[in-house]
4 protein chains.
Amino acid sequence: MLGIGKTGWIEKEKPQCGPLDAICKPLAIAPCTSDVHTVWEGAIGDRQNLILGHEGVGEVVEVGPLVKDFKPGDKVIISAITPDWGSVEAQGGYSMHSGGMLAGWKFSNIKDGVFGDFFHVNDADGNLALLPDGMDLGAASMLSDMVPTGFHGAELADVQFGDKVVVIGIGPVGLMCVAGTALRGAAEIYAVGSRPNCIKAAKEYGATHIINYKEGDIVEQVMALTQGKGADKVIIAGGNVDTFDQAIRMLKPAGRIGNVNYLGSGDYIKIPRAEWGVGMGHKAIVGGLMPGGRRRMERLASMIHNKKLDTSKLITHKFKGFDKIEEALLLMKDKPAEVIKPVVII
Amino acid sequence: MLGIGKTGWIEKEKPQCGPLDAICKPLAIAPCTSDVHTVWEGAIGDRQNLILGHEGVGEVVEVGPLVKDFKPGDKVIISAITPDWGSVEAQGGYSMHSGGMLAGWKFSNIKDGVFGDFFHVNDADGNLALLPDGMDLGAASMLSDMVPTGFHGAELADVQFGDKVVVIGIGPVGLMCVAGTALRGAAEIYAVGSRPNCIKAAKEYGATHIINYKEGDIVEQVMALTQGKGADKVIIAGGNVDTFDQAIRMLKPAGRIGNVNYLGSGDYIKIPRAEWGVGMGHKAIVGGLMPGGRRRMERLASMIHNKKLDTSKLITHKFKGFDKIEEALLLMKDKPAEVIKPVVII
Amino acid sequence: MLGIGKTGWIEKEKPQCGPLDAICKPLAIAPCTSDVHTVWEGAIGDRQNLILGHEGVGEVVEVGPLVKDFKPGDKVIISAITPDWGSVEAQGGYSMHSGGMLAGWKFSNIKDGVFGDFFHVNDADGNLALLPDGMDLGAASMLSDMVPTGFHGAELADVQFGDKVVVIGIGPVGLMCVAGTALRGAAEIYAVGSRPNCIKAAKEYGATHIINYKEGDIVEQVMALTQGKGADKVIIAGGNVDTFDQAIRMLKPAGRIGNVNYLGSGDYIKIPRAEWGVGMGHKAIVGGLMPGGRRRMERLASMIHNKKLDTSKLITHKFKGFDKIEEALLLMKDKPAEVIKPVVII
Amino acid sequence: MLGIGKTGWIEKEKPQCGPLDAICKPLAIAPCTSDVHTVWEGAIGDRQNLILGHEGVGEVVEVGPLVKDFKPGDKVIISAITPDWGSVEAQGGYSMHSGGMLAGWKFSNIKDGVFGDFFHVNDADGNLALLPDGMDLGAASMLSDMVPTGFHGAELADVQFGDKVVVIGIGPVGLMCVAGTALRGAAEIYAVGSRPNCIKAAKEYGATHIINYKEGDIVEQVMALTQGKGADKVIIAGGNVDTFDQAIRMLKPAGRIGNVNYLGSGDYIKIPRAEWGVGMGHKAIVGGLMPGGRRRMERLASMIHNKKLDTSKLITHKFKGFDKIEEALLLMKDKPAEVIKPVVII
């Protein structure tokens with residue numbers, strides 16, 4: 001990223017490795033919709049000559065003297081969120097906000113991302129995970145952001161056995177919300193979307209019903225499917241500040257909204273007063289950045305390794321070679337109908 | 001209540017007692033701000049010839065044949081919220097929404113309240129609690145609504161040892177939020193209010209700091225007191241839909257808002273997008289009607305009985321005689337500076 | 001059951017229907033290992049002329065005048081645990097202990113069970129669930145006890161995404177623990193058992209590893225599979241009081257044991273002091289009777305209906321006709337190698 | 001500690017300061033019963049020439065180059081438990097078990113303690129807290145272990161508004177369990193003990209009833225006080241492996257035991273099978289080492305600073321001068337009737 005709306009290649013110094021840190025080179029990377037927001041919408045403000053990217057698999061090339069568990073040559077999964085584990089916030093269980101709200105998100109935000117010859121990983125022992133033997137690089141790169149973000153949606157919504165859950169948005173994160181919801185025991189999963197390949201994937205990941213907003217008001221569709229009672233939980237993985245209005249209306253009293261969608265614009269999130277029970281309906285509203293770090297990635301990688309989760313269905317396009325990153329990024333920007341997620345194997 | 005804006009006395013039949021129910025007569029009653037909202041603002045819509053009141057202590061005069069634990073002559077505390085305990089919602093832990101959102105709130109809403117010669121209590125075994133021997137009638141009548149609502153605020157906000165907690169609004173419910181917050185181990189309690197007698201009571205109930213909105217923006221005051229970090233929790237017991245805007249701004253990432261305020265007007269509750277972490281700040285927003293019922297009242301009554309809580313400080317005015325109810329209600333409506341809560345001993 | 005060790009058929013009066021109750025006749029029933037314990041081991045003490053059985057599907061033949069949601073002719077799933085929903089214990093979230101520890105377990109314990117021409121259901125609105133259209137009677141009868149008990153094991157152990165979970169015992173309840181564990185997102189599930197058909201079913205329900213106690217100490221096997229670290233969670237669905245010793249030894253610090261096994265003998269459950277961290281290892285030990293009632297059954301039935309769970313794999317033997325109950329019960333007693341669970345379709 | 005049963009003064013090198021660490025000198029220290037166990041009972045095995053002590057307040061004399069928030073001259077509270085915050089266990093929320101069960105306990109266990117001219121603190125930014133201005137050194141030294149351990153007992157037992165809670169043992173940790181229980185809203189607190197000064201302090205910290213084991217079986221006393229129903233929660237801060245037998249017997253179904261007692265001997269903790277509901281009574285058993293670290297200490301210090309907690313009542317003996325440490329330790333060993341806790345101001 002050269003500036004808002006402009007991408008290109010730049011030369012930069014190889015990053016410095018601090019005593020607790022690692023320098024890695026990418027083996028596989030994936031562009032994210034957030035990269036698109038960052039460049040073409042300027043969602044996080046202007047950035048000059050920032051290297052993009054926060055999803056991928058890499059190889060360690062250098063470690064600081066205090067790093068204990070990783071060494072050059074290790075193949076590792078990169079966490080999109082790389083907290084400061086020594087911080088007071090991490091001690092309180094919210095490492096993603098270490099150093100300030102959202103400040104655990106460093107790559108392609110407050111420092112260069114992974115779309116470079118080399119990239120820097122803070123707190124290597126806390127933020128890298130060994131790539132399990134034999135795991136496909138593309139599938140593994142979904143562990144950086146898509147899986148932990150999607151699964152966090154299911155956690156935020158606190159899905160329980162037998163729940164009826166709406167998932168709004170079925171891009172790659174939304175699909176992982178569907179998968180995570182199924183893996184927490186929901187009975188009915190209503191996936192809201194319209195693109196045919198996403199609908200197909202949503203069904204494979206466990207959606208029991210598809211709600212197409214082109215076929216009518218989605219609130220009415222949910223109410224019809226639930227005999228007028230509403231859903232137990234709503235996970236938001238798409239839309240905007242107005243989506244919350246719909247979510248509250250389709251939610252049961254004592255239900256719960258889990259948001260993992262980056263809300264790029266609008267002054268206020270709209271919570272309808274009456275449908276929120278004039279303040280007393282016990283409809284909880286929670287939204288949060290995914291938990292990053294080593295433990296989380298190791299555990300999620302184990303789910304793929306043990307065939308509890310198949311991330312390969314997310315990957316619709318595979319590129320080969322570092323120079324294809326731009327092409328993959330533009331694909332993510334233009335999003336032709338058949339794209340879910342591209343990866344670039346370096 | 002004769003209609004919106006009109007009060008007066010009417011003659012009604014003594015209510016019928018169902019097999020699981022009880023008929024009681026009042027021994028002490030307290031008017032609530034919600035009664036004021038109901039009559040003079042029409043907050044829940046028009047009601048014709050509805051008997052008001054949902055706080056008080058009574059004596060059982062009749063029980064249905066299936067009632068096991070209560071008999072005529074028993075002195076009992078009345079729960080403002082009287083759920084249907086056999087309902088599916090109660091099985092799910094949300095009895096206050098049994099039969100629909102907020103439908104556990106029956107008195108002076110969907111049936112006659114307690115300001116009558118006699119009143120009807122559904123599911124008597126589940127919704128009455130014996131008045132402990134020797135407990136003051138006025139103090140006990142605070143257990144109907146003020147204590148459980150205020151304490152629920154502290155529960156919704158999930159106050160923990162060492163928290164810094166803002167309580168917005170220090171009427172009688174807000175004061176019980178302060179007390180409940182202190183009784184869950186908060187370190188600093190910032191009470192937002194301006195009336196001198198409420199400020200005095202807030203300090204007695206555990207507030208460590210008073211924030212007066214007349215002395216400047218309350219968000220700025222909280223930020224100053226917390227060295228720019230914000231509060232861990234915010235409990236809302238006053239204000240309106242705009243109050244949430246302030247609450248989010250003064251709240252830390254990973255903080256929590258617990259609302260127990262009845263929001264009487266406005267289309268949307270305002271949640272500021274950026275300060276809510278563009279959807280990902282883990283600032284949870286929860287609001288709920290108090291849990292009613294026998295178990296809750298017995299447990300809270302035990303706190304008063306064991307001197308863990310003194311509700312008598314709430315009561316600024318005592319009337320004697322059934323005919324003083326109207327006077328007490330008008331006092332609550334006009335709220336001269338020295339009023340916190342009146343009770344009427346019958 | 002005529003007495004300890006003696007079974008046979010007896011004539012009894014048709015049970016009386018209270019105002020909140022229902023009388024049903026069985027459509028399909030399943031004998032449970034607890035029935036075997038009750039008769040042949042006298043596990044709950046002597047019972048004279050008690051009708052056994054607490055699993056099944058039935059048809060309503062009579063309802064009390066206060067029953068609102070069921071009527072004669074309705075086909076219903078029977079909950080093995082039928083709490084008193086109006087009780088103080090149910091208000092506190094532990095309906096299964098309404099009226100005393102385990103007192104929500106009424107069928108074939110403190111009143112006649114379902115192996116009769118007619119049986120009595122207390123609190124019909126709270127304890128029956130409509131059989132979904134088209135659901136197989138045998139599969140549905142697993143919702144009385146096997147599914148909710150097994151799934152409660154996964155809840156008690158608080159299984160989370162990526163956990164490594166041991167399930168000790170893979171009879172029908174243990175198999176449902178495996179299924180429930182998979183449906184809460186475990187990465188690795190170690191099923192402890194030895195019977196081939198149970199092993200086969202365990203794998204189908206999601207076990208990733210089988211641990212056969214005939215092939216060595218199960219603690220050592222778990223430690224080997226987890227690189228010496230131990231499992232995150234252990235669910236106990238078989239064994240005896242000594243099993244807890246093993247469970248603690250194979251469990252990580254901060255792990256959790258969820259027990260759903262009926263412990264029939266022994267004075268003390270053995271918790272090894274040193275491995276329990278000399279009291280400070282945060283290895284939580286929880287054991288509990290399944291939650292019964294309508295809401296739970298409706299939600300679990302919805303999981304079968306939506307093909308999230310297939311209980312038919314549990315059923316290895318199907319009998320036809322009321323008079324085959326004794327044969328099915330004896331099959332459960334003798335447990336030849338190929339049996340998991342028999343059902344009798346009436 | 002020279003060896004089991006032997007104490008004395010030894011000369012050691014000043015400890016080395018790693019890049020993330022600090023070296024401190026003591027300003028006030030307190031001997032702990034665990035020190036007594038360690039020396040005279042050999043509870044954690046033999047230790048040769050180990051410096052004892054893990055409670056106190058100190059002054060920073062040196063910091064490593066990566067320490068950001070502390071500098072020489074800072075007065076700091078020392079956490080008895082000093083986890084490795086970068087560890088995978090800390091990421092999972094159980095920092096006290098970082099590096100293995102209980103391995104967050106380093107002082108006077110796996111490295112020299114604080115009773116030296118200088119002592120070493122690992123991960124200084126994560127494990128020190130600034131002493132608030134004006135806080136009494138003796139009162140502050142109770143924040144190292146007594147307060148966080150006692151309060152953790154109330155957390156493990158999950159005390160809620162209106163609970164009836166037994167606290168077994170009212171030494172200094174038990175007294176902080178009482179205080180923590182009161183500060184989480186218990187209605188009745190039954191403190192089990194017999195020494196008059198501890199009983200006096202227990203009442204001041206919130207005990208509503210005293211149970212003296214010299215006056216009869218404590219289970220019977222609890223059952224009598226609770227009308228045969230048992231307590232909601234039991235916190236264990238004294239006794240031995242047999243105490244759990246009593247605790248289970250006095251506990252309600254769905255109750256909870258929180259243990260913070262170091263269990264020094266015995267092979268098995270005794271959980272009575274029948275009273276544990278034959279495995280299904282939902283009586284949760286949890287025991288854990290206190291959470292250490294900076295955030296916790298800062299929050300608890302804030303409670304003292306804001307007068308929510310007064311630790312000075314714990315301190316019955318004050319010594320002056322480094323050479324009085326041995327005398328204070330022997331006082332803790334011999335425990336004459338009037339001792340609760342001694343401190344030594346250096």
Chemist: Going through the checks in order, is the side-chain contact (heavy atoms from CB on, under 4.5 Å) test met by Met146(A) and Cys32(A)?
Modeler: CA-CA 9 Å; Met146(A) 299 298 100; Cys32(A) 179; 4.0 Å; yes

Chemist: Can you tell me how far apart OG1 (Thr82(B)) and CG (Asp123(B)) are? Round to the nearest 0.5 Å.
Modeler: 8.5 Å

Chemist: Please determine, among Met96(A), Glu89(A), Lys229(A), the option with the most heavy-atom pairs under 4.5 Å with chain B.
Modeler: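 So the answer, after comparing Met96(A), Glu89(A), Lys229(A), is Met96(A).
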
Chemist: One pair to check against side-chain contact (heavy atoms from CB on, under 4.5 Å): Val165(B) and Glu188(B). What are the steps and the verdict?
Modeler: CA-CA 6 Å; Val165(B) 182; Glu188(B) 303 193 4; over 6 Å; no

Chemist: Find the distance between CZ (Arg249(B)) and CD1 (Ile218(B)) and round it off to the nearest 0.5 Å.
Modeler: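 If I round to the nearest 0.5 Å, the distance is 11.5 Å.
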
Chemist: Is it the side chain or the backbone of Tyr94(A) that comes within 4.5 Å of chain B heavy atoms, both, or neither?
Modeler: side chain

Chemist: Taking Lys111(B) for its side chain and Ser108(B) for its backbone only, find out whether a donor-acceptor pair lies under 3.5 Å.
Modeler: no

Chemist: Judged by atom type as modelled, is there a donor-acceptor pair below 3.5 Å linking the side chain of Ser79(A) to the main-chain atoms of Gly293(A)?
Modeler: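 Yes: the side chain of Ser79(A) pairs with the backbone of Gly293(A).
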
Chemist: Find the distance between CZ (Arg184(B)) and CD1 (Ile189(B)) and round it off to the nearest 0.5 Å.
Modeler: 12.0 Å

Chemist: Chain A heavy atoms under 4.5 Å from Asn261(B): which part of the residue, side chain, backbone, both or neither?
Modeler: backbone

Chemist: Output the distance between atom CG (Leu102(B)) and atom CG (Asn109(B)), rounded to the nearest 0.5 Å.
Modeler: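 If I round to the nearest 0.5 Å, the distance is 8.0 Å.
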
Chemist: With a 4.5 angstrom heavy-atom cut-off, is it the side chain or the backbone of Asp267(A) that approaches chain B, or both, or neither?
Modeler: backbone

Chemist: When you measure from the side chain of Trp105(B) to the backbone N and O of Phe107(B), does any donor-acceptor pair fall under 3.5 Å?
Modeler: yes

Chemist: What part of Glu275(A) lies closer than 4.5 angstrom to a heavy atom of chain B: side chain, backbone, both or neither?
Modeler: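 Contact with chain B is through the backbone of Glu275(A) alone.
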
Chemist: Salt-bridged, Lys333(B) to Asp35(B), with N to O below 4.0 Å?
Modeler: no

Chemist: Set out, in order, the CA-CA distance, both residues' side-chain angles and the distance that settles salt bridge (Lys or Arg N to Asp or Glu O under 4.0 Å) for Lys164(A) and Asp232(A), then state yes or no.
Modeler: CA-CA 5 Å; Lys164(A) 300 180 182 185; Asp232(A) 294 296; over 6 Å; no

Chemist: So which bits of residues 147-154 of chain A come within less than 4.5 Å of chain B, counting non-hydrogen atoms only?
Modeler: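 His152(A) fall under the 4.5 Å cut-off.
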
Chemist: Nearest 0.5 angstrom please: Ile4(A) CD1 to Asp46(A) CG, how far?
Modeler: 4.0 Å

Chemist: Return the minimal non-hydrogen interatomic distance between Thr33(B) and Met332(B), and the atom names on each side.
Modeler: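 Smallest interatomic distance, heavy atoms only, reads OG1-CE, 3.6 Å.
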
Chemist: Is any residue of residues 278-291 of chain B within less than 4.5 Å of chain A by heavy atoms, and which ones?
Modeler: Val278(B), Gly279(B), Met280(B), Gly281(B), His282(B), Lys283(B), Ala284(B), Ile285(B), Val286(B), Gly287(B), Gly288(B), Leu289(B)

Chemist: Whether Lys233(A) and Asp163(A) form a salt bridge (side-chain N of Lys/Arg under 4.0 Å from carboxylate O of Asp/Glu) is what I want to check.
Modeler: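 A salt bridge links Asp163(A) with Lys233(A).
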
Chemist: Please check this pair: side chain of Ser98(A) against backbone of Asp84(A), looking for a donor-acceptor N/O pair closer than 3.5 Å.
Modeler: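 Side chain of Ser98(A) to backbone of Asp84(A): a pair is present.
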
Chemist: Quick one: pull up CZ in Arg47(B) and CG in Leu52(B) and give me the separation to the nearest 0.5 Å.
Modeler: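 Those atoms lie 10.5 Å apart.
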
Chemist: Counting N and O atoms only, with roles assigned by atom type, does the side chain of Ser144(A) sit under 3.5 Å from a partner on the main chain of Ile78(A), one being a donor and the other an acceptor?
Modeler: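 The answer is yes, because a donor-acceptor pair under 3.5 Å joins these two groups.
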
Chemist: Is it the backbone or the side chain of Leu156(A) that comes under 4.5 Å from a heavy atom of chain B, or both, or neither?
Modeler: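 Contact with chain B: side chain only.
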
Chemist: At their closest point, which heavy atom of Pro253(B) faces which heavy atom of His97(A), and how far apart are they?
Modeler: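 Of all heavy-atom pairs spanning Pro253(B) and His97(A), the closest is CB-CG, 3.8 Å.
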
Chemist: Could you check which of Gly92(A), Gly93(A), Pro272(A) has the highest count of heavy-atom pairs closer than 4.5 Å to chain B?
Modeler: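 Most heavy-atom pairs within the cutoff with chain B belong to Pro272(A).
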
Chemist: Minimum heavy-atom separation for Ala274(B) and Met101(A), please, with both atom names.
Modeler: O-CE, 3.9 Å

Chemist: Please lay out, stage by stage, how His54(B) and Ser34(B) fare under the test side-chain contact (heavy atoms from CB on, under 4.5 Å).
Modeler: CA-CA 9 Å; His54(B) 51 262; Ser34(B) 345; 3.8 Å; yes

Chemist: Who in residues 237-247 of chain B is close to chain A, using a strict under-4.5 Å heavy-atom cut-off?
Modeler: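 Only Val241(B), Phe244(B), Asp245(B) of residues 237-247 of chain B have a heavy atom under 4.5 Å from chain A.
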
Chemist: Taking 4.5 Å as the heavy-atom cut-off, does anything in residues 169-180 of chain A contact chain B, and if so which residues?
Modeler: none

